[in-house]
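In what follows, a structure is listed as structure tokens, so that the remarks can point back to it.
Letters A, B, ... are given to chains in the order of the sequence lines, protein chains preceding strands, and every chain is numbered from 1. In what follows, every heavy atom counts, from backbone to side chain, and hydrogens, waters and symmetry copies are set aside. In this text, all values refer to a predicted model and were calculated from it rather than measured experimentally.
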Number of protein chains: 2
Amino acid sequence: MNVSTNILALLFLALGSCQGLRRHHVDGIVEEEIEFVAQPSKFGSLWPLPQKVQISQVSFKLTGFSFNIVDAKQSSAGPSCALLQDAYRRYYEYMFGNAKRSGKNKSRRAGPTDLTELQVWITSADSDCDAYPSVKSDESYELTVDQPFAVLKAPKVWGALHGLETFSQLIYEDDYGAKSINATSISDFPRFPHRGILLDTSRHFLPVKVILANLETMAMNKINVFHWHIVDEPSFPYMSKTFPQLSQQGAFHPYTHVYTPADVKMVIEFARLRGIRVVAEFDTPGHTQSWGKGQKDLLTPCYSGSKLSGSFGPVNPILNTTYTFMTQFFKEVSTVFPDGYVHLGGDEVDFNCWKSNPNITKFMDQQGFGRDYSKLESFYIQRLLDIVATTNKGYMVWQEVFDNGVKLKPDTIIHVWKGNQEQYQNEMANVTASGYQTLLSTPWYLNRISYGQDWQGHYKADPQDFKGTDAQKKLVIGGEACLWGEYVDSTNVTPRLWPRASAVAERLWSSKDVRDVNDAYNRLSGHRCRMVERGIPAEPLFTSYCPREYRGV
Amino acid sequence: MNVSTNILALLFLALGSCQGLRRHHVDGIVEEEIEFVAQPSKFGSLWPLPQKVQISQVSFKLTGFSFNIVDAKQSSAGPSCALLQDAYRRYYEYMFGNAKRSGKNKSRRAGPTDLTELQVWITSADSDCDAYPSVKSDESYELTVDQPFAVLKAPKVWGALHGLETFSQLIYEDDYGAKSINATSISDFPRFPHRGILLDTSRHFLPVKVILANLETMAMNKINVFHWHIVDEPSFPYMSKTFPQLSQQGAFHPYTHVYTPADVKMVIEFARLRGIRVVAEFDTPGHTQSWGKGQKDLLTPCYSGSKLSGSFGPVNPILNTTYTFMTQFFKEVSTVFPDGYVHLGGDEVDFNCWKSNPNITKFMDQQGFGRDYSKLESFYIQRLLDIVATTNKGYMVWQEVFDNGVKLKPDTIIHVWKGNQEQYQNEMANVTASGYQTLLSTPWYLNRISYGQDWQGHYKADPQDFKGTDAQKKLVIGGEACLWGEYVDSTNVTPRLWPRASAVAERLWSSKDVRDVNDAYNRLSGHRCRMVERGIPAEPLFTSYCPREYRGV
């Protein structure tokens, strides 16, 4: 065996000069001095950092023609588990590219310091191979790299997927370009069960290909929820089988800018194969202009004085037809999207149109709501929640629904997105004091760009930093990075998301005390170059280079 | 002939909803309300707007199998002008894609409302076909679209290239997807002769492929200068024939992160074929850390007390070897880069190292500089300028060289980049009052990103807005948009540059009174979709869609 100090060779290559270069400051703003010391982390480029890691100095070599990923004999998942077989292929390609296993090379014998096998052992009787991941899925794994072979043990396939990613992150190139890995022992599990990314396909349409590439990248970051904000005011690209007019009239284009049932199915399966849940959001009663184009009488007609103005407001909460429609629509949604949760939105309802409409006023009087339109909003949401409850789904809602005092099922998840740090921390405290589970997004609005290394701010935010009991803290199930679509489409969504979302990914996976920004910078630089090498245009953190640059336009 | 109102059909398609959606404001920042009315401009998607345009309601159809771009009989440039022949092919493909001219289709007769020919007529005896463009090149053209054929007249090939772009921008699709163009009369020329974009290939390496794609896009925007900030502190990717150690030691990687002589040649020729000058910047005496790795004794050794600290400062101005090196180096540069100008930098010299070095102190005393290190800087620059003058090149320098009172050749171009609006306007006034030509960049630092539609600020800045006489205003030869490389590489450089740099392109080309931001928004939205259709990932201005979305990852 070969005692090696080469583990960090790749990193030395990958990290260029990181001196604090003051280049061309403008308007009196001096560019931040980067005080980071660009030196390899003792954890290489592991990202997110596992809970427990021991890396020894003993190293092994790996070659594409002698290395295999195989099911352990004792594993409850065998060759029939397509999810794992697909993952083996994927990680083989990440690790060795398309190195050919030709006949000639095959005859080469593995050397004494070669690592030739990774055995994947699913330990639970039910591997979950054909299941969908859920918020309760066991994602833990244990990885031992040693001779004669490496072993990856996980109760379920979900942990195995994460372990394969971690294994691939341990591989580095020595000075001669040979793939190497050090004897390592890792025990790992996520800090939070809900680690999500919101993409918005209404303000700009994202082709399926682009969604899949980002799901691929989520898996590299151990993100396990794709929050698909699929429709909103500007467009309705979801093709409904029950109400085809919604996308026919409401999409930017009825053929080129829609997600067909086959598209949605493909996204969900592609995500499942990577351990990622797809939580669809159909936001009502606000943010629904595009719904009105294909569904007559769904939206509230606004008045200008005593006459109809011709424009429309939120969903009309006073008509029975509204609830008939919602019942049918969410019945479809509950079958199309297998996840246990659906996101119902409920944010930013503009009351002006409701105020203008005399029929609404009359209804408010009948119900005794006075002029408190949040009561009308709650009236609608309450009925909607009852409808969705009959589909046996849990629901997530934006924080306004909680703020307005709507009666919620105990398993409702409140999604916090508003305010400054003090305000969102108070909100988290209030939500959990009321016994609800919660998700944080406020500090992670990745659409709000600024000059410089804003990932550091995202990295420092912690969803459990608020005043509350341990029981309250346990109600925090995670968070989501949100990339709203006003200024992003397929031309820029991927580099804008990565590696900025990676900062959130580590915050939600790794131990709370993993907070060293300097060490994070070094690991993340390597992780970013790895994403680039895998074909993902993840943007740079700062002046530097990758051994293999992205070559796309 | 077909009187048509279809000219704007493409635009109606291209512009989605632009309502002022207040989505998820955070930290008390309410997103700007977009007050633009998304409606077609009467100028379609022309960008930058030509000086004089008349578009009639009369429309013709064009088809890929009947349309030809040909040399006019009277043209001074014929089939032997590779530049034009290459441009005809390029614009044919932009306009008709890879529509096949198969034998069968060829037999289809052109209809009576078809436009079948664009005749390109170079009117000057010397077409400049094999020349390099210069700051004095005639870029004007006149375009008439009418039956029986369209005519593009230009004194030189440079105007013809711009006219071809304009012609391609006049084509739109009618309701049936048929390509159409309206009878049009255009007379056009640039407001400023120097319309540049700075790309920085030192902080991050940009593969040649990415540089070429951006040159392609510059041509679509009538940008005519690529300011290649090729080396700087972090890396030295320029492979010098005279001093190969500079890139061997100073590049991020000596093979994968360098521009070979063949690469540089290819970039220059690719640019020339599009009417774009390549102005190389070799910035000294500051910003030179990477030079020191391959050239011993070039940089000033810094002291810590009475001992060498091991680090280095700016170029060492007190050694004769420095000037011998610079003479040889710039002799090479002057032959490799054919442009009449070279950019010599001269910005941001840090005096601390010079102050620490006792030999520098002694030299200062001998020269009678006292402790005024800007005198030492000027001493260096003065000698450098004399060296470069012997190569028969003109030079451009950053504003500090002027600010420090260095004696300059009358044709020197002062590049203004510092300060706030008041400060840069004062600087422009001072520079031009001293009789020097000037270029503005301060308001166009595109690396400094912020949330929202920052292109509007770039669009509103005007390089002639300062207090001065008409004679002073005439000394403003244009400006440059700068994209410094700290946070961009090939993963994100293209969408970050476009269409934000397009705003600068119109400011520098079109008439000073073209300032309607609403009209600009509508034309630029269409122009951006055209760039996307041509394969360039230009990012969106706001919520909307393009008929053909970019499909890259």
Side-chain angles (χ1 to χ4, degrees), chain A residues 16-17 19 21-24 26-28 31 203-205 207 209-210 213 233-235 252-253 256-257 289 347-348 417-420 442 445 447-452 482 484-492 494-496 532 535-540 542-545 547 549-553, chain B residues 16-17 19 21-24 26-28 31 203-205 207 209-210 213 233-235 252-253 256-257 289 347-348 417-420 442 445 447-452 482 484-492 494-496 532 535-540 542-545 547 549-553:
Chain A
S17 161
Q19 299 165 40
L21 306 171
R22 293 179 309 124
R23 176 73 203 189
H24 282 181
V26 171
D27 290 347
E31 310 216 341
R203 288 177 179 78
H204 285 100
F205 181 77
K209 184 179 161 185
V210 173
E233 312 267 33
S235 78
F252 283 137
H253 187 284
T256 59
H257 288 66
Q289 286 295 306
D347 58 320
E348 295 186 314
W417 69 273
K418 289 172 80 170
N420 59 25
T442 310
Y445 264 41
N447 49 310
R448 304 203 72 91
I449 54 172
S450 60
Y451 186 64
C482 299
W484 296 100
E486 283 86 349
Y487 300 104
V488 289
D489 67 2
S490 59
T491 63
N492 61 350
T494 309
R496 188 149 299 174
V532 167
I536 303 300
E539 68 177 20
F542 193 59
T543 303
S544 69
Y545 75 105
E549 299 283 352
Y550 185 72
R551 304 193 80 82
V553 171
Chain B
S17 161
Q19 298 165 40
L21 306 171
R22 293 180 309 123
R23 175 73 203 188
H24 281 181
V26 171
D27 290 347
E31 310 216 340
R203 288 178 179 77
H204 284 100
F205 181 78
K209 184 179 160 186
V210 173
E233 312 267 32
S235 78
F252 283 138
H253 188 283
T256 59
H257 287 66
Q289 286 296 306
D347 58 320
E348 295 185 315
W417 68 273
K418 289 173 79 170
N420 58 25
T442 310
Y445 265 41
N447 49 310
R448 304 203 73 90
I449 54 170
S450 60
Y451 186 63
C482 299
W484 295 101
E486 283 87 349
Y487 300 104
V488 288
D489 68 1
S490 59
T491 62
N492 60 351
T494 308
R496 187 149 301 174
V532 166
I536 304 300
E539 67 177 21
F542 193 59
T543 304
S544 69
Y545 75 106
E549 299 282 353
Y550 185 72
R551 304 192 80 82
V553 171

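With hydrogens and angles left out, the side-chain atoms of H257(A) and E549(B) include a donor and acceptor closer than 3.5 Å.
The nearest pair of heavy atoms linking V210(B) to G552(A) is CG2-O, 3.2 Å. Between P547(A) and T256(B), the shortest heavy-atom distance links the atoms O-OG1, 4.3 Å. When all heavy atoms of T491(A) and P495(B) are compared, the closest pair comes out as O-CG, 3.5 Å.
By the 4.5 Å heavy-atom criterion applied to side chains, N492(A) and P540(B) are counted as neighbours.
Note that OG1 of T543(B) and CZ of F252(A) are 7.0 Å apart. Values are rounded to the nearest 0.5 Å.
Using cut-offs of 30° and 60° for the angle between ring planes, the Y487(A) and Y451(B) rings count as perpendicular.
T494(B) is linked by a side-chain hydrogen bond (donor to acceptor under 3.5 Å, both in side chains) to N214(B), counting only residues two or more places apart in sequence or in another chain. Residues passing the side-chain hydrogen bond (donor to acceptor under 3.5 Å, both in side chains) test with S450(B): none are found, sequence neighbours excluded.
Taking chain B as the reference chain and counting heavy-atom pairs below 4.5 Å, the highest number among H204(A), E539(A), R551(A) is found for H204(A).
For a residue to count as touching a neighbouring chain, one of its non-hydrogen atoms must lie under 4.5 Å from one of that chain's; by this rule V488(B) touches chain A with the backbone only.
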